Amino acid sequence: MKTMVLENLEPKKVFHFFEELTQIPHESGNMAAVSGWVVDFAKERGLSYRQDDMGNVVIWKKASPGYEGHPAVILQGHLDMVCVKDPGVEHNFEKDPLRLKLDGDWLKAEGTTLGGDDGIAVAYMMALLDDDSISHPPLEAVFTVDEEVGLLGAAGLDCSDLQGRMLLNLDSDEEGVFTVGCAGGTRCDLELSLAADSAAGKVCTLDLSGLPGGHSGVEIHKNIPNANRMLAQCLRELPDARLVSLYGGEQDNAIPDRSRAVFVLPEDQADGAPEKFQKITQGAVCSFTWAAHTPVNALSAEDSRRVIDLILAAPNGVQAMEPDLPGQVKTSLNLGILRLEEGALRLTWSIRSSVAAEKEELVKALQGLADSCGGSLSRRGDYPAWAYRPDSVLRDTMVRVYREQTRKDPVVVTIHAGLECGLFSEKLPGLDAVSTGPDMRDIHSPRERMSVSSVQRTWAYVKEVLRQL
């Protein structure tokens, strides 16, 4: 029998369900098993539930005694996780369980993302549904799929049978910070076909790794180097390089921490190449190797330059800050995925903005680049911004409870990241929504970690909020 790493942690039910989840592959797009697990949970407890064709699951639990007349509360989180691993780590996210470890107060996964975003919401909701001793109004627990690739589950969910008009989203990562608005966003894919033919010279490989990486929304303002753009800057120093392949980034909503190029250089240019990269690659681990001539197909030097210039010409990072909210990003984009294989180029960006018109302007800018180079641009995963609500019973209750428990004021913010609250607000007119969660760090990267003590405090906090609603 497998030894459970978290079995001695309190609250036991929360950590039990979280660890169970980490043993089930649940990358975006691979939702069948985890969705079935949630359904089995509901069946075993005799709870009413609904599972749709996408894999979204809604579970209903009646009010505890004395709360029958209270308004229903929607609890909400997503089932999928961003799957990223360190270089050299052998882990198949399609079938392998995560390997958990405790490091003091921090819970981590060995060499991979942890999936605390948003596995902790799943664990909290299951623990609430499983415990009949907790006082609460009628609960509607909504488990959505494929949030990390464009909020697809929430976009496709039929909400007509949801009675609640207060939604507690559990997809935030800083204790004592209540999110009450968020950016909208979309994904864009630029594709370009180029001819490749036989190339003579030395076959070189440039590997960049060791960059911090991070969340392309909440950390985009930190000026974290983008490995895909850094790679293109290095290749710009080699005008005679002929590209064979490019591979950078795993997720469009993660700032890429590594990127690789394979290319052909004339025989007399390979030896001096590393010196050209030194100033560009500061902060990264740079590996440059070359092999004796091997017949290989590559782009022409001219088309290789077109690809490099295209990458560098595209806007990237913060484009505008919120004028009335100091320190908060208004509009940004992130080149998260770079691929060149057998002459087929694909670039993928995650675009975010709290202003719909500015989001569209960035799409137009990328469309212009695609048109100029003879490529095509497609978009997917559009989701709306979530507007701040001036009057909020839920927010007022949460602020009051937080003050009672901590003797401190919480921080109430809007964020530059996508949350499903915007989609639910569109589908449920008059919805009063707030997002909260325990402390997590470096989400969407293999350094992701979650505070055990913060999970414990947030559990006590959520229970008290429900008791007071």
Side-chain angles (χ1 to χ4, degrees), residues 82 147-152 154-155 171-174 177 179-190 212-230 232 249 251-256 310-338 347-372 377-389 411-423 425-426 433 435 443-444:
V82 169
E147 186 268 356
E148 297 289 4
V149 290
L151 288 67
L152 303 184
D171 191 17
S172 291
D173 57 12
E174 192 169 358
V177 176
T179 302
V180 294
C182 73
T186 191
R187 266 81 171 171
C188 285
D189 297 297
L190 190 156
H215 192 294
S216 70
V218 296
E219 295 183 291
I220 197 72
H221 64 289
K222 295 181 179 179
N223 294 319
I224 296 170
N226 182 305
N228 291 335
R229 287 178 59 83
M230 182 180 285
Q251 305 285 345
D252 55 64
N253 57 359
I255 301 169
L310 173 62
I311 296 168
L312 295 178
N316 191 76
V318 175
Q319 303 297 299
M321 302 294 290
E322 292 282 7
D324 300 322
L325 296 170
Q328 294 196 38
V329 179
K330 181 168 65 169
T331 304
S332 76
L333 75 168
N334 172 64
L335 174 57
I337 297 175
L338 166 64
L347 308 175
T348 301
W349 290 267
S350 173
I351 299 175
R352 305 174 191 266
S353 183
S354 56
V355 178
E358 293 193 13
K359 179 179 78 173
E360 295 305 315
E361 283 301 315
L362 283 178
V363 174
K364 290 178 182 177
L366 296 181
Q367 183 67 64
L369 283 173
D371 293 344
S372 69
L377 189 81
S378 59
R379 64 189 293 179
R380 55 192 165 86
D382 274 85
Y383 57 92
W386 165 29
Y388 173 76
R389 180 186 176 98
V411 178
V412 179
V413 299
T414 62
I415 63 167
H416 190 66
L419 285 171
E420 292 156 300
C421 300
L423 286 163
S425 295
E426 280 197 333
S435 178
I443 59 176
H444 295 189

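This structure is a prediction, so every number in the text was calculated from the model and none was measured. Quick note: residue numbers are just sequence positions, from 1.
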Going through the checks in order, is the side-chain contact (heavy atoms from CB on, under 4.5 Å) test met by Met321 and Val329? CA-CA 4 Å; Met321 302 294 290; Val329 179; 3.9 Å; yes
Between atom [atom1] of [X] and atom [atom2] of [Y], what is the distance when rounded to the nearest 0.5 Å?
X      : Y      : atom1 : atom2 : value
Trp349 : Leu190 : CH2   : CG    : 5.0 Å
Gln367 : Arg379 : CD    : CZ    : 10.0 Å
Leu347 : Leu338 : CG    : CG    : 6.0 Å
His215 : Ile415 : NE2   : CD1   : 7.0 Å
Leu151 : Cys182 : CG    : SG    : 7.5 Å

Is there a side-chain contact between Trp386 and Thr414, using heavy atoms and a 4.5 Å cut-off? no
Within the 4.5 Å heavy-atom criterion, are Arg187 and Tyr383 side-chain neighbours or not?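 Of all side-chain heavy-atom pairs linking Tyr383 with Arg187, at least one is under 4.5 Å.
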Closer than 3.5 angstrom, by distance alone: can the side chain of [X] be matched with the main-chain N or O of [Y] as a donor-acceptor pair?
X      : Y      : value
Gln319 : Gly317 : yes
Asn226 : Pro256 : no
Ser353 : Lys330 : yes
Ser332 : Val318 : no
Asn228 : Leu335 : yes
Asn253 : Glu148 : yes
Arg380 : Val149 : no

Nearest heavy-atom pair of [X] and [Y]: which atoms, and what distance?
X      : Y      : result
Glu219 : Ile255 : O-CD1, 4.1 Å
Arg352 : Ala183 : CB-CB, 4.3 Å
Ile224 : Gly213 : CD1-O, 3.3 Å
Asn334 : Ala254 : ND2-O, 3.2 Å
Leu152 : Gly381 : CD2-CA, 4.0 Å
Leu423 : Ala155 : CD1-N, 3.7 Å

Test log, rule side-chain hydrogen bond (donor to acceptor under 3.5 Å, both in side chains), inputs Thr186 and Asp382: CA-CA 4 Å; Thr186 191; Asp382 274 85; 3.0 Å; yes
After noting the C-alpha distance and the side-chain angles of Cys188 and Val363, does the key distance pass the side-chain contact (heavy atoms from CB on, under 4.5 Å) rule? CA-CA 7 Å; Cys188 285; Val363 174; 4.0 Å; yes
Hey, mind stepping through Leu310 and Leu369 against side-chain contact (heavy atoms from CB on, under 4.5 Å) and telling me if it holds? CA-CA 7 Å; Leu310 173 62; Leu369 283 173; 3.9 Å; yes
Between Leu366 and Ile351, does a side-chain contact (heavy atoms from CB on, under 4.5 Å) hold up when you go through it step by step? CA-CA 11 Å; Leu366 296 181; Ile351 299 175; 3.9 Å; yes
Checking side-chain polar atoms at under 3.5 Å, does Asp189 have a donor or acceptor matched by the opposite partner on Thr348? yes
Consider only side-chain N and O atoms of His416 and Glu322, and report whether a donor and an acceptor are under 3.5 Å apart. no
